[in-house]
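Please read the structure below before turning to the comments.
Remember, it's a predicted structure, so these values are computed and weren't measured experimentally. Quick note on labels: first sequence line is chain A, next is B, and so on, each numbered from 1.
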Amino acid sequence: MTVIPGPFPPVLEVENLCIAYADSSGERRAVHDVSFRINPGEVVALVGESGSGKTTTAQSIIGLLAANGRVERGSIRLNGTDIARWTDRQLDTVRGARISLVPQDPGSSLNPVKTIGSQLGEIFRIHGALRSDEIEARVISLLARVGLSEPALRARQYPHELSGGMRQRVLIAIAIALKPQLIIADEPTSALDVTVQKRILDLIDELRAEYGAAVLLVTHDLGVAADRADRIVVLKGGRIQEQGATGAVLAAPRSPYTRQLLADAPSFTAPLRLAAVRPSIASAPDDIVVVEGLVREFVREGGGSALRAVDDLSFRVRRGTTHAVVGESGSGKTTTIRSIVGFDRPTAGRIAIDGIDVSGLTGEGLRQFRRKVQLVYQNPYGSLDPRQNVLQIVTEPLTNFLGLRRSDREEKARTILARVGLPEEALGRRPLALSGGQRQRVAIARALVLDPQLVVLDEAVSALDVSVQARILDLLDELQSDLGLTYLFVSHDLAVVRQISDTVSVLKDGRLVDGGTVSDVFENPRSDYTRELINAIPGRKRRAAA
Amino acid sequence: MGSMATATAAAVVSEIRVREGRIMSAYLFNRVAQAFFVLWAAFTISFVLLQAMPGDAILIKFQNPDLGLTAQQVAEIRASYAVDSPVPVQYARTIGNFLAGDFGYSVQAGVPVASLLAAHLPATLKLASLGFLLAAVLAGVIAFLSSLAPFAWLRGALQSVPSLFISIPTFWLGIMLIQVFSFRLKLVPVINPGPWQELILPVVTLAVPISAPLAQVLVRNIDEVMTRPFVAVARAKGATRLWVLWRHVAKNALLPTLTIAGVLFGELIAGAVVTETVFGLNGIGGLTERAVGSQDAAVLQAIVVLSALAFVIINLAVDLLYPVLDPRLRTKTGAVA
Amino acid sequence: MTTKLKRLALTLATLATSSLALSSAQAQAADPVKGGTLIYLEQQAHTNLYPPAGGFYPNGGILNQITDKLTYQNPKTLEIEPWIAESWTVNADATEYTFRIRPGVTFSDGSPLDAAAVARNYDVFGLGNKALKQPVSEVINNYERSEVVDPLTVKFYFKKPSPGFLQGTSVIGSGLVAASTLALPFEELGDATKIIGSGPFVVESETIGKELSLKAREEYNWGPAKLEHQGRAYLDGIKYIITGEDSVRIGALLAGQADFIRQVQAYDEKQVEAQDYQIYAPSTRGVNNSVVFRPDNPLVADVRVRQALLHATDTKEIVTTLFSANYPQATSIIASSALGYKDISAKLAFDPEKAKALLDEAGWSVGANGLRQKDGKELVLTAYESLPQPQNKETLQLVAQQWGKVGVKLSVLAGDSGSKTVDDLDPLKTPVSPAMVGRADPDVIKSQYYPKNRDVLRQKGGLSDKVQSFVDTKLNGLLDALASEPDRQKRLAIAGEIQDYVVDQAYAIPIFEEPQAYAGAPYVQGVAFEAVGRPSFYSTWLAEH
Amino acid sequence: MTTFETLHEDAVADARRESNRRSSAASRLRRLPVGLALSWLILGTVVLWAIAPSLFSAFNPLQGVGGEQLQRPSAEHLLGTDALGRDLYARIVHGAVHSLTGAFVAVGLGLVLGTALGVIAGSVQRRLDDAIMRLVDVLLSIPPLLLSLSIIILLGFGTVNAAIAVGVTSVAGFARLARAEVVRVRRSDYVEAAFGSGGTFASVLWRHVLPNSLTSVVAFAALQFGSAVLQISTLGFLGYGAPPPTPEWGLLIAEGRNYISTAWWLTTAPGIVVVLVVLAANRVSQSFGKVAA
């Protein structure tokens, strides 16, 4: 995998790059003395967690730093020419033509009011690369090249008429249209389902090979980097921790941070536990969650047959275990758990939680039911009221249910907050002043303060950095064994699921395609879909090597 | 009144998004029914308001001492107009007449309301449409320049222009424009001007306050759209700032701006009242002002119904126009994988 | 013409005002130029062009150009001169008037202006027409009927003596209109194009509420016989443009966009004159701009209270602060140039000490908050400002300041016309009111005070049914006498008596003699004003400019 | 056992920065933009004028001095005098209380009534929501100025009545905004989470929906404040202002305009005061908006 040093100069050479952002309190440096190089045809991964400066570095290379950012010093040499201090006008000739970008979020990276064709054709118009009568044919052939069916139709469609994967293909088509020497792929797949993610990464690989472009792959996922990159640059807090050939870095990380990252990445770690060690599984069946023949239909706008989001789903969860519901977007997993916690009413079927039929509950009965079942949301930014402080958030369920005195309530809240690892001084803060991990701890504390029996975790760790994610998973595990909780763990990330769950249900298009204990499902997948999911987990190279 | 539009824009957009879900024909039927309700309610509210006012048009006109009428003569005139019949009877009669297309007779002007409206509408339509057009242009120029401005201070200065525009009383602006451009600089006559000359200063006067909320909404939308990833993608294609602003940001930012048109309509009318009064233009605004002064109920009733009609039509048009401009609201089927 | 009338006219000739002399002096400076359109800026739109509605300035300003009157009152001499009537006779007790009509006069629709047409006009003006809602003219008293003696002779009969009638035939309210106009219901007379007169101008077009164009009538050849100017008007036309804003009217005039404007405020006079433009301030020769009381309201029922307020009013301060030399301080309830004027300035002296004494005497003592009180009630009075009167809001505020110094509060209300009209009928709500009216005949006093006319004092049986009890039979008797006393000298004596009486009773506090203030460009020549200050553009011409 | 220390360093740094920002009022003041500081200064001065006008001007705002009418601005009369010889500066200072009261009443009325309508519409089921919003449409469909004038005629002239008339016209705007905000907040995860924690409809409305929807409503109110002053002034221009001798600002501008060619300061000076106050209110409103975002 090492790159043979050829006669060609590196495509990109970044040297001693320092970047600072100005804010109301002055300038703050976000990138410190970063240096690396990319040779022709090479894939270099910039790996780091949020705040590591990886995106800032990538933005500075293509000259698209935010308005308050500036390159303090250092150079960015493209084919030997330093473009770090070029004006916008100069950069405009390079962008798109010699450096291109595959952005992070295909959902919002295409202009919603322009057709696919015009957005792809635009790059030829901007650079005057083609006569206008040639553009259409070229657009269609490019769309076909990136694997879109019916390219002529796609060209006339608008972004919202395409799926996320298709949109990312369009964006890739834009990025390769003018055969640039360098493609910056900024988290190109983090918003996509795992199976789609794999296909997109494969496509980038393929095109890179075909067009001979170098790729700067910006990612938070060490697994992706491990699979796709020739060399890895690990960033933390704006500083390079280490860099080197992928295999070497993964096999023998020199910096403690890289070691930590490797340890935290779920795709590289062994399961926290094996089903066998769980005592409760062996004991008498005591199913706290019973879902039988669950059906949920949505009436389609404009008539037509109803849309079946969940189709005849059945599964059981034993008390004190963790059950994972796995599936990609649209698989019906969110609908299912919303029915379980009583926010949504199923069309048919039965849900019993601790013996209580959920679908029959209304009003006060439903309210009382919620003491038993708590939901932790995916997005800790949205699920905490920005105007309450931590203490208020956590005492609120107590206020709702228990007639405790204020001091007692606060006492109880303090205990649980300490339990989830939040320091005393955070209690008076509002969510905005907390980090993502801290917020998710608050959300967990709120869910636990009522001593529920079932905690439903809806993608509860997927928005977090790997190291934070690992800490939260540790916490959940700890709480489960201490408090005897049952988890219903909803996730698209099989690696995480394998790490934390006892049993698993795999959903596709609202149907159960696979189920059983984690080891059964992972080792002997019964459906092609499960197999595909497992294969798509990034980091296979590393695992294979290990 | 300017700021109302700004804040309402968001509200309207969200309403539209909600409505999007309904089925089109039923939706249209519903909207038309609502439109009729709005018309009826506006008519009724204004009828009640007018009834509750002290005095009435006949009294105001004929009690004028310059006419030298005796009490008995005034009483006879009142009787001949049948203004003292019971309120429900008057209501039924008026609404009946309106439905039959008869707007009644203006007591003050002594001509049928229909001919008054016919005489006054063209001027206001001209003034309002040109005023709105200029306001849109002004707003666009302010918003676009401020987003292209190379310096922060220039950007700040341009962005505070709308606030300044909102802060100036319309009548004061009108009088000042007349003083400066007509009387001091003698550029445009206000007395006996040509058919287009007469519109220059009033249109400016009307446009300035209307442009302010438009510009504010536009600036905010442009700022918001500018942060969307597709802008970065367009820049990464090598597009210049101007190219991006014009071909990507403009349409996206204009869409929500469109929705405040309905709200601005009320301001347009209010602006027209003041502008027409200052410039002595012969439009609905001036007519409204005089009709309020003389409590010319028939005229006011007609104006209210007319403006409510315009309001519902504009709003309906905006709603129907929205899907035309935004493809996301056009198709009902979601993404296919 | 009777000898009596001649004598009257001679007496009046001395009373002509200087401002009018000035304007006519200019008119004679050069040979008149024919042609051109006069741009005339009017403050308010006209409301109705039924001739008796001409008391409203904007109405009168138009009617005066498009209608002719039976007689012409010379504004300099106030003498009644022939116009459409070549001659006339009046019987001794002023109950029969016979007019000889000038031949060959036609309305602009071609119909003849003959005895029958005149009779038809006066039957309507004198008796009204209920079917068409046309009211009776306030300048015609005691009218009984007309008689067409021959095609060019018409005779009018009165139930009682009507000595003011002859002057009444000269006022704008008696403009003669064609039969087709009189056949229209009152409310349709708001449309200027439907007013067919015989005047030097005819209505060419109208944009309601904005513009009115008049054009000269080519065949016009029947102007007042004694005028130097005969034949058609010098101007080709007049364009009335409604311009409500004071600052726009004055600015447009000075910027050369208009030729002539009405309603120039006193504070703008200086800059007009500084630019050699001309201020015209013809007196309205009627009842002065005053503040009147409604004695039906218990607060001002006591004559001592009214007298106190009269003496607490410093009219000189008002005139010097707010107005100019064109607004002479009042010396009686009618203008010094009005017929029957009597100088009673001694009774109008500003004397705050006397005012305080009178209030004390009437039992109103100063309370803790500085306001006069009696039986737990405070002396707080209310008045609505009158929009058409010059700077009335400021005037009333100044009056309020002055009254405040003797412990009386005057609240000045700005109101919508509806509330104002309704409240103005109720003495309890409006114990004080500004008032003025113009007409160059002693009858004007009756117009102002008589219960069946303007009834400014609000007497029982007058305009308002809200009045509880107040009636002043002595005043009404005097007013009746004034209107029907055929003997001129006796009539003027009665007028004097009424002036004394009104001030003695302190029914009114006259403030200043109200002119109508106009301003014209220097090249506008030959502007004339009829006796109460409405312009006549018949002899007006535009010099080279 | 995980502890705080093991959390991501960046996050800790972020939190620390945040806590620093909140720690000292002095540093916050230092960071206050000049424009915003000026805006607060203007509003503060005006409020002081309203509270203690006599501290700022020795002249009587209601009593003129004979013979001193229409004087140019000078050392004695900072902004000149009006037609009755009253000191204009004194009138502006003493007018503050009338104009501010007017604006407060107007905005308060719109805020309370409109927000109530909007919150109700946003929280109840479709039918009632539709009904309320159609009512709001009706309010919007009647030209606001016409509505204001009618209400003044109904209630009678006066500062407060004019304020009410202006306030009524802003009800619709407040209602729409409040409803949109409530609907937005109601869709958020934390509201659902509050129901999930056992909150009742009323408690969730009170604890979460209201506080979170009202920020932009308050920002809007600050914005409306300026426009209320202007609308009251427009009413004065049309002859429906407060009765004399009230030195209400709108009325000062409206009446001063007649003297524009002889005494320009009569309309210009109060005009500038209004422009400054409205600008300041707008600026402050923007800063509210930013805090909200």
Is there a side-chain contact (heavy atoms from CB on, under 4.5 Å) between D/Leu238 and B/Phe171? Walk through the geometry before answering.
CA-CA 9 Å; D/Leu238 293 173; B/Phe171 65 88; over 6 Å; no

The test is side-chain contact (heavy atoms from CB on, under 4.5 Å); show your working for B/Phe311 and D/Ile142 and say whether it passes.
CA-CA 9 Å; B/Phe311 176 84; D/Ile142 301 177; over 6 Å; no

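Applying the 6.0 Å contact sphere to CZ of D/Phe104 captures no more than 12 heavy atoms from other residues, nucleotides or ligands. Heavy-atom neighbours of B/Phe98 CZ from other residues, nucleotides or ligands within 6.0 Å: above the threshold of 12.
Of the two parts of D/Ala254, the backbone and the side chain both hold a non-hydrogen atom closer than 4.5 Å to a non-hydrogen atom of chain B.
The heavy-atom pair separating D/Val278 from B/Ser167 by the smallest distance is CG1-OG, 3.5 Å. Nearest heavy-atom pair across D/Ser141 and B/Val38 is OG-CG1, 3.7 Å. Of all heavy-atom pairs between D/Val138 and B/Ala42, the closest is CG1-N, 3.8 Å. Nearest heavy-atom pair, B/Val274 versus D/Phe237, reported as atom, atom and distance to 0.1 Å: CG1-CE2, 4.0 Å. When all heavy atoms of D/Leu230 and B/Pro169 are compared, the pair lying nearest together is CD2-CG, 3.7 Å. Here the closest non-hydrogen pair linking B/Gly293 and D/Tyr240 is CA-OH, 3.4 Å.
Taken from CD1 in D/Ile272 to CH2 in B/Trp172, the straight-line distance is 6.5 Å, to the nearest 0.5 Å. Here the CE-CG distance, from B/Met53 to D/Leu149, works out to 8.0 Å after rounding to the nearest 0.5 Å. We find the CG-OG distance between B/Leu300 and D/Ser150 to be 7.0 Å, quoted to the nearest 0.5 Å. One distance of note links CG of D/Leu147 with CD1 of B/Ile45; it measures 8.0 Å at 0.5 Å rounding. To the nearest 0.5 angstrom, D/Ile151 atom CD1 is 6.5 Å from B/Leu49 atom CG. Taking CE of D/Met133 as the reference point, atom CD of B/Gln34 lies at 11.0 Å (rounded to 0.5 Å).
Each of D/Ile260, D/Val217, D/Leu135 has some count of heavy-atom pairs under 4.5 Å with chain B, and the biggest count is that of D/Ile260. Highest contact tally toward chain D, considering only B/Val305, B/Leu268, B/Ile175, B/Leu39, is held by B/Ile175 [criterion: heavy-atom pairs under 4.5 Å]. Between chain B and the residues D/Val166, D/Thr268, D/Val229, the most heavy-atom pairs under 4.5 angstrom are made by D/Thr268. Note on B/Gly156, B/Ser160, B/Ser307: by heavy-atom pairs under 4.5 Å with chain D, the leading option is B/Ser307.
Contact of the B/Thr170 side chain with the D/Thr234 side chain is not registered, since no non-hydrogen atoms from C-beta on lie closer than 4.5 Å.
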